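Structure first, then comments.
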Amino acid sequence: MTPLPSSPSSPSSLLQASRWRRREWLQAAGALALLAGPGVRSAFAAVPQARGKLVVVMLRGALDGLAAVPATGDPQWAALRASTEAAAGSAPLPLDAMFGLHPALPELHRWYGQGQLLVVHAVASSYRERSHFDAQQLLESGGQRPFELNTGWLGRALDASGQRGVALSPAMPVALRGARGASTWTPARSASPDADLMARIAQTYQNDPALSGLLEQALSQRGTLGAGVREAGMGAGTGSAGAFVGLARQAGRFLAEPGGPDVAWLDFDGWDTHTQQNGRLQRQFTALDGGLTALRESLGERWADTTVLVMTEFGRSVALNGSGGTDHGTGGVAFLAGGAVAGGRVLADWPGLASRDLLDGRDLRPTRDVRSLLAPLLQRHLAVGQAAMGRVLPGAPPAAPDLWRT
């Protein structure tokens with residue numbers, strides 16, 4: 001990867017004035033408490049303390065949660081999606097009596113067995129339309145309506161805590177806007193074709209064996225070459241499957257550095273699977289699994305106190321469309337991973353897949369607001385107290401309990 005610059009705005013010098021302001025305040029508060037006696041000490045004891053590192057992975061394009069975590073125990077599953085499992089050529093990896101995990105996610109499955117992966121199903125933001133642009137803005141801003149806020153929930157939290165964050169992205173994502181302690185980093189990169197465009201080309205070629213074979217060969221070669229250039233810091237488009245493994249590894253290195261950032265944000269594109277999603281998701285999930293593995297490896301001992309949130313703007317339709325893909329939906333899936341996460345379980349108030357249980361007769365009905373996961377993350381990792389939480393996540397639902405092992 002390109003050596004980390006040593007300029008004041010680079011992640012290697014992220015321990016700047018905003019963070020020291022908070023630290024100095026806490027030190028002064030502690031000294032004052034000692035001078036003032038037991039009554040004042042008890043008041044200052046309530047000041048929250050930040051713990052560990054936080055990584056947020058945004059899957060842009062709307063992940064099909066039922067492909068990632070199939071509800072194999074639901075009575076309607078076989079009629080809706082069994083054919084997709086057969087086409088994929090392998091069965092889901094078992095999680096519990098109701099749910100499985102896509103077979104291209106073996107490392108996440110291992111974490112689940114270790115109790116370090118929590119799956120949150122039937123989850124969504126408060127958004128109920130189907131625009132990527134609006135849904136992503138709402139999810140990143142942390143408001144209750146799109147464009148109600150022009151800063152991000154993570155940016156406001158960083159600013160309130162005086163801590164530092166880095167987005168491995170060429171532009172500052174909405175989620176980190178509003179933080180004086182946020183920066184961006186990206187390696188040298190080459191242009192990457194849009195994943196949905198490539199899928200449409202593949203669909204056009206599917207009836208011509210010669211052309212479809214050449215296209216598949218080209219995609220395979222590009223993926224092989226991409227593995228090499230990623231290690232050199234030349235990803236095949238920041239946020240693409242070809243770049244994600246390298247970016248995730250670099251994020252772990254940043255966070256593991258002494259005095260490094262407290263938060264890392266990663267974008268991963270290509271989840272808008274309107275057409276021929278089986279093969280596309282196989283590649284996407286393989287990259288996601290490999291990227292999160294690289295992140296854990298580069299974090300080293302810091303994995304023990306790191307939490308990784310993987311989320312997407314909305315789910316997809318329960319039934320496949322005529323092009324072998326899925327359309328924009330509502331309820332989906334999120335993941336929490338980390339050394340202290342109370343994992344090994346699926347957190348779900350399962351609504352069911354019968355037609356009467358679906359939202360608008362087509363979507364998985366969400367039963368949990370994704371913002372219920374955000375408040376506990378901010379409390380643990382950025383020490384955002386209740387007084388600031390109303391500004392950071394206005395109108396947020398009650399926090400989900402028991403996300404970490406005691």
Side-chain angles (χ1 to χ4, degrees), residues 49-59 63 65 67-72 92-123 154 168 244-245 247-256 260-266 268 284-312 332-348 368 370 372-382 399-406:
Q49 298 294 309
R51 301 174 59 183
K53 305 287 185 172
L54 172 62
V55 181
V56 182
V57 180
M58 178 70 170
L59 305 183
L63 163 68
V69 184
T72 53
L93 304 171
L95 296 179
D96 59 22
M98 176 63 75
F99 300 104
L101 193 66
H102 193 280
L105 297 169
E107 184 65 13
L108 292 190
H109 187 255
R110 189 172 73 86
W111 296 358
Y112 185 90
Q114 295 172 339
Q116 297 185 19
L117 177 72
L118 175 66
V119 179
V120 187
H121 220 322
V123 65
L154 199 46
L168 284 84
F244 182 70
V245 175
L247 289 173
R249 179 176 288 110
Q250 187 61 55
R253 289 170 179 163
F254 285 156
L255 296 177
D262 305 286
V263 173
W265 176 278
L266 289 161
F268 188 178
Q284 293 286 108
F285 285 137
T286 297
L288 178 63
D289 199 62
L292 295 179
T293 301
L295 172 70
R296 178 173 180 171
E297 290 172 351
S298 59
L299 279 165
E301 294 179 355
R302 295 312 304 263
W303 174 256
D305 60 1
T306 295
T307 302
V308 182
L309 168 65
V310 181
M311 63 180 186
T312 191
V333 70
F335 300 101
L336 281 176
V341 169
R345 60 198 174 104
V346 180
L347 184 61
R368 188 179 304 274
V370 69
S372 68
L373 306 176
L374 305 185
L377 289 173
L378 298 179
Q379 290 166 349
R380 179 181 179 88
H381 294 291
L382 296 182
D402 304 325
L403 298 184
W404 291 276
R405 294 193 298 276
T406 56

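Since the model is a prediction, treat every value here as computed from it, not as a measurement.
Of all non-hydrogen atoms in Leu168 and Ala264, the two that sit nearest each other are CD1-CB, 4.4 Å. The two atoms that bring Val69 and Leu101 nearest to each other are CG2-CD1, 4.0 Å, heavy atoms only. The nearest pair of heavy atoms linking Glu107 to Thr293 is CG-OG1, 3.0 Å. Across all non-hydrogen atoms, the minimal contact from Pro92 to Gly100 is CB-CA, 4.2 Å. The minimum heavy-atom distance between Phe254 and Pro261, with the atom names listed, is O-CD, 3.3 Å. Closest approach of Ala256 and Ser298 over heavy atoms only: CB-O, 3.8 Å.
Between the side chain of Arg51 and the main chain of Arg380, no donor-acceptor pair closer than 3.5 Å is present. Put simply, the side chain of Thr312 gets close to the backbone of Leu63: a donor and an acceptor are under 3.5 Å apart. Looking only at distances, no side-chain donor or acceptor of Asp262 sits under 3.5 Å from a matching main-chain atom of Lys53. Panel note: side chain Arg345, backbone Gly115; no donor-acceptor pair is recorded below 3.5 Å. Proximity of a side-chain donor or acceptor of His121 to a complementary backbone N or O of Val346 within less than 3.5 Å is not detected.
In this structure, a donor-acceptor pair under 3.5 Å is absent between the side chains of Glu297 and Trp303.
Taken to the nearest 0.5 Å, the CG atom of Leu95 stands 5.5 Å off from the NE2 atom of His109. Between the CG atom in Leu292 and the CZ atom in Phe335 there is a gap of 9.0 Å [rounded to 0.5 Å]. For the atom pair Met58 CE and Leu266 CG, the distance stands at 12.5 Å (nearest 0.5 Å). One distance of note links CZ of Phe244 with CG of Leu295; it measures 7.5 Å at 0.5 Å rounding. From Trp265, atom CH2 reaches atom CG of Leu154 across 7.0 Å, with rounding to the nearest 0.5 Å. Remark: Leu309 CG to His381 NE2 distance equals 10.0 Å, nearest 0.5 Å.
Scored by the side chain to side chain donor-acceptor pair (under 3.5 Å) test, Arg368 finds no partners at all (sequence neighbours excluded).
Side-chain contact between Val310 and Phe268 is absent, with no heavy atoms from C-beta onward closer than 4.5 Å. The shortest side-chain heavy-atom distance between Pro94 and Phe99 does not fall under the 4.5 Å cut-off. Side-chain atoms of Thr306 and Leu54, non-hydrogen and from C-beta on, never get closer than 4.5 Å to each other. Side-chain contact between Val263 and Val55: absent, with no pair of heavy atoms (C-beta onward) separated by less than 4.5 Å.
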Verdict with supporting geometry, Met311 and Val56, side chain to side chain contact (heavy atoms under 4.5 Å, CB included): CA-CA 8 Å; Met311 63 180 186; Val56 182; 3.9 Å; yes
Audit row: Leu336, Val308, side chain to side chain contact (heavy atoms under 4.5 Å, CB included) steps and yes/no: CA-CA 6 Å; Leu336 281 176; Val308 182; over 6 Å; no
Worked verdict on Leu105 versus Tyr112 for side chain to side chain contact (heavy atoms under 4.5 Å, CB included): CA-CA 11 Å; Leu105 297 169; Tyr112 185 90; over 6 Å; no
Side chain to side chain contact (heavy atoms under 4.5 Å, CB included) between Val245 and Arg249, intermediate numbers included: CA-CA 6 Å; Val245 175; Arg249 179 176 288 110; 4.0 Å; yes
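In this pair, His102 and Phe285 present their aromatic rings tilted. The plane angle is within the 30 to 60° band.
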